[in-house]
Amino acid sequence: MTSTWAEDPVVARLLGAAAVAGPRFRLVVVAKVLELDAGDGLAAVDRAVRAGVLALAPDAGEGWFTGEGARRAVETQLALADRADLHRRFAEALASEPDQDHGEIVRHLLAAAAATVDPLERARTQISLAPHAVAAGDLGTARAAVQAAMGVARTSGSAALLADAASTLEPLGESSWDGDVYQWCAEALAAPALDGATRVRLLARQTQAAVYCGRWTEALAASGQALRGADVLGDASLLIEALTARQLATSGPDDIDELLRLADRMADLGTSTGRADVEMWACLWRIDALWFLGDLAAIEVESSRLESCVGRIPGGASRWHLLGARAALALARADFTEAERLHAEVIEILEQLGHPAVHGAWVSFRTLLGHHVGHSNELLGPAVWDFGTDPRWALGTRLIRAFVLVDCDRTEEAAALYQRCGAPQGWDLPRTGVLLVWAIASRVAAAVGAADDVRYFRARLERHRGRYVVAGGGATACMGPVELAVGACARALGDWTAAEQDLRRASALCHEGGVPGLRVEADCLLAEALDGSGDPVAAAVVAREALPLARTLGMVPWARRLEQLAVRDDPLSPRERQIAGLVADGLSNREIAARLVISERTAQNHVQHILGKLGFVNRAQIAAWTERGRSR
């Protein structure tokens, strides 16, 4: 076919590129690949169309061979090196577009690698395709490509190729994948005479893999080395990699100050380099720190900045970070319908990306939502809790499932699961999630009667007062102030004075922070603690005050618990309690009558009935009794 166009080299080149492009091609991409100006390109296309070789879609900018056999013939006649070169050029052209078609880029790079004879050049092509394969959700192709490149690097003895291959893939939360990344980096770091920039990149990638593999001590050491090395070199791209690694290694409740400093540095780099994705990570890191501080107002402000960053990042893959942040905020504010809607969008995007954490994200969100409004039957089924054989998730899976079962009063099943977790002193916990694990485990331990374990968790949580129980590192899951978790432990241990003090403080913090659902939980636990301490009247006062909010928010399980407490040994009717409150506020009978739109005589009768039921002789005693109930 190309020989037919021997005297028209422009058309011959056009047909060769079109054949490599595939069954259909876009004119603008072919022109970019061949570096043709608009006039020459259109003229060549016109000649091929008039000859009946190509056809064009009207106004679509797309073309195709009139016969598939002709396309294959043209492709076959291309020299192997020319074919590989064209596939690489197509990949480069497609990668430069704002909305990258990663699957199509991978197709071209796979074809280029297959047509490449030189093993080093083929390995570099495989390294190039791996990130695009990840973006396209083809994790198997990505991993196989890097493994092949690592093999070539070992055989050739190329330290540079070994380092490039080892640092290509990011850890994803899948044990064998993350283990490979860690070992590849360790192997590359052992190579002699590495330059400073290469060493920083490898240390940064090894830090990420170490975190995902639970090697926290190594992650802290490696990230520190990476950041120091990047600071010495002063290269912006290296600093971004090193800061990212350090953030991942220091995202726990003890790291808030450092995390905020890292976010500030990352934001400055995003501004100086003009990279919206770097600014996005700075926003996410600040949001992580603000969750530990329980500052929802600041989180909302930061979410607006996050939206601006995400809007400037090509493609839609980054949007799930914004949606996830907003879903977590809506859930904390007890806007359950909105939280559910936003999180459904998060799951949809993660599924499209083929992200391995999609199932864990779904289970985590449904667990927290169900804790507030009641668990679905779907979450109670065993299939949901199948996370494979990865041992890193075994402890968390058992604890969270037991937590759900406790919420559903299936205590015996929860106890069996909790026993399989072993002694908590031996747990190897992620730095980012220690508060959340301790809080969840303490509830389970309390329900199954493991008092010694409750004491252990209480002691661990105590030093984090003033913080919120959340999962850091971007996996936001909020369970309220630490005082709520500590108060729940005290209640379970029968330490009534401490329980009342901590739970009242937790309720106040939830009110100040604007987390009404968690305030309902704190008030319910407070009422139960008061009832357990032998003061059912005070318990009923707290329960009745919390009950309307629980019902309004649709928190059915908590409303039921509060309803049981609200009727405990209360000597007054609801109307009498209302009037007692007005007496405590200093209103006269006439003022009470006007407020409630009743006669003054009726108000006086109510006051007399209250005095009789409580055994009091004057209004001051009613006021004092009411205030005691309010203050407890």
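In what follows, every heavy atom counts, from backbone to side chain, and hydrogens, waters and symmetry copies are set aside.
Residue-environment remark: CZ (Arg560) stays at or below the threshold of 12 foreign heavy atoms within 6.0 Å. Atom CZ of Arg595 has 12 or fewer neighbouring heavy atoms from other residues, nucleotides or ligands inside a 6.0 Å radius.
A side-chain donor from one of Ser223 and Arg246 sits under 3.5 Å from a side-chain acceptor of the other. Between the side chains of Tyr418 and Asp453, at least one donor N or O sits under 3.5 Å from an acceptor N or O. Using modelled atom types, one finds a donor on one side chain and an acceptor on the other under 3.5 Å when comparing Gln208 with Arg205.
Taking the six-membered ring for Trp and the full ring otherwise, the centers of Trp427 and Phe457 sit less than 6.0 Å from each other. Taking the six-membered ring for Trp and the full ring otherwise, Trp281 and His321 have centroids separated by under 6.0 Å. Taking the ring centroids of His371 and Phe403, they lie under the 6.0 Å cut-off.
Taking 4.0 Å as the cut-off between side-chain N and carboxylate O, Asp335 and Arg333 do not count as a salt-bridged pair. Between Arg431 and Asp255, at least one side-chain N (NZ, or NE/NH1/NH2) sits under 4.0 Å from a carboxylate O, which counts as a salt bridge.
Remark: the backbone N or O of Asp502 is not paired with any side-chain donor or acceptor of Glu483 at under 3.5 angstrom.
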*Check the pair Gln247, Ser251 against side-chain hydrogen bond (donor to acceptor under 3.5 Å, both in side chains), reporting the backbone distance first and the verdict last.*
CA-CA 6 Å; Gln247 177 272 335; Ser251 291; 3.1 Å; yes
